[in-house]
Structures are given as structure tokens and as C-alpha cells.
A.B. asks: 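Here's a structure for you.
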Amino acid sequence: SQTIHQWPATLVQPVGSPLSLECTVEGTSNPNLYWYRQAAGRGLQLLFYSVGIGQISSEVPQNLSASRPQDRQFILSSKKLLLSDSGFYLCAWGPDQDQYFGPGTRLLVL
Amino acid sequence: AQSVTQPDIHITVSEGASLELRCNYSYGATPYLFWYVQSPGQGLQLLLKYFSGDTLVQGIKGFEAEFKRSQSSFNLRKPSVHWSDAAEYFCAVGGGSNYKLTFGKGTLLTVNP
């Protein structure tokens, strides 16, 4: 069966520091991969999605970037964090229209 | 552009009572519709989905949803709510070739003993 992992689970970072969040999927190949951010009371905001290695689409212009160095690995990065980057970051994978979510990373920028 | 509206931000029901969570969507073609549930601090779990066929869809944990094209709705129902159903529920719509989903802002369900 397929499983999705995210780490770290929780992260506290100072403003201006770099960020790297990792997501990996096991038990499948060539999945669609997604990064979402969830802020309190604002639902889920799609940040990036990838339908294959080297294919990454950005939904919201901001200081975040995404990479897919391997088929089942999706990285969310930032060179300099802003206070507004605080939130709950969710990675998801999908074979087609379905999406299955990881446990999330809680990021607090101080 | 596709969109999802969940009109109820917060619903409170008593344990054992029936439940209906509303979802209205806007989509230019045949939609793929989903309901997810999220417990505090956790990821989202897929409850059920509708792609085609029977408009009444059964899901996990005793939930069901009915697709009504004429009303652009996909409401989630459960005949008898358990305390463990307290969570936030998200409706989502998709169907494009880019496999993107658009989520509603969620409905928080509180269950009273």
C-alpha cells in the first residue's frame, strides 16, 4: 500500500532563515504531487503541483519554491522566511484525480 | 474558474442525531467531487468521492453524499453522529487534466454528548 511521509512535524524558525520541508511517497511510481498551505480559517491554498519529475507548476507567486529531485520526493523551500509563511503545510499525492494527504508540518516563523 | 462553497462555518449536533453538511460547487464541465475530514493537527482523510454513475455515494465511517447536478450540490450526510466524528470537513471539486482540486473553506463539526 502507499504511504506518504512529511518531515519535520513541527518547525520554529526565525524570520529571514531558510526553509526546507520534505515529502516522500512510498508504494507507487510517478505520482502527482502537491504542496498546500493551511492558515486558520482560510481553508487550503494550493502552492505547487507536479505531474512528473522536472514539471512543477506554481499557483501563488511568493518567496517559496518547490523541487522534485526524485520521482517520489517533493521539497518545499524558501531562502528567507517571512512572518506570513507561518502555517500548516500539507503534502499530497495522487494517481489521478484523487489526492491523499500526509500528516503535515506545522511551521511557526518568529 | 472552479469554486466550492460550504455555507456553514460551524455546526453543532448532539451525539446520535443525523447530520448534513452542505457543499455547492461551480465547475464548467462534469465535476469530480470529494469530501475530506481533518482532525485537529492532522492531515486530511478522504471520506468519499464522486466521478460518475450512481449519484448517491457511500464512503468510510458511515458517511454518504448525494450529487445533484441541477442544484450544483454534493451534500454529506450521516444518519447517526458519533462523538469521534467531531472534526473539520472539506468539500473539493476537480476534474481538469492538471489534476488540481479546489477546496471549500471547511465546516467545523462539534458533537455534544
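A, B, ... follow the sequence lines: proteins, then strands. Residue 1 opens every chain. Reckoned from all heavy atoms, side chains included, excluding hydrogens, waters and symmetry mates.
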A.B. asks: Dump the intermediate steps for side-chain contact (heavy atoms from CB on, under 4.5 Å) on A:F88 and B:Q42, then the final yes or no.
C.D. replies: CA-CA 10 Å; A:F88 192 45; B:Q42 304 296 315; over 6 Å; no
A.B. asks: Consider only side-chain heavy atoms of I, L, V, M, F, W and Y, link residues closer than 4.5 Å, and tell whether B:I60 and B:F51 are in one cluster.
C.D. replies: no
A.B. asks: So with a 6.0 Å cut-off around CD1 of B:I9, is the heavy-atom count from everything else above 12?
C.D. replies: no
A.B. asks: Mind checking which of residues 6-22 of chain A sit less than 4.5 Å from chain B, heavy atom to heavy atom?
C.D. replies: none
A.B. asks: With a 4.5 Å cut-off on heavy-atom pairs, point out which of A:L44, A:L46, A:L90 contacts chain B the most.
C.D. replies: A:L44
A.B. asks: Can you check whether anything in residues 96-110 of chain A gets within less than 4.5 Å of chain B, heavy-atom wise, and list it by number?
C.D. replies: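 Listed by number: A:D96, A:Q97, A:D98, A:Q99, A:Y100, A:F101, A:G102, A:P103, A:R106.
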A.B. asks: Without swapping roles, check the side chain of A:Y34 against the backbone of B:Y99 for a donor-acceptor pair under 3.5 Å.
C.D. replies: yes
A.B. asks: So if you build clusters from Ile, Leu, Val, Met, Phe, Trp, Tyr with side-chain heavy-atom gaps below 4.5 Å, do B:Y36 and B:Y50 land together?
C.D. replies: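 As far as the 4.5 Å side-chain criterion goes, B:Y50 and B:Y36 are not connected within one cluster.
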A.B. asks: What residue pairs, at least two apart or across chains, pass ring-ring contact (aromatic ring centres under 6.0 Å, His included) with a residue in residues 2-30 of chain B?
C.D. replies: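 Sorted pair list comes back empty.
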A.B. asks: Less than 4.5 Å to any heavy atom of chain A: does that hold for the side chain of B:L101, its backbone, both, or neither?
C.D. replies: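 Both parts, heavy atoms under 4.5 Å.
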A.B. asks: Quick check: under 4.5 Å, non-hydrogen atoms only, which of residues 71-79 of chain A neighbour chain B?
C.D. replies: none
A.B. asks: Contact part of B:Q38 toward chain A, heavy-atom cut-off under 4.5 Å: side chain, backbone, both or neither?
C.D. replies: side chain
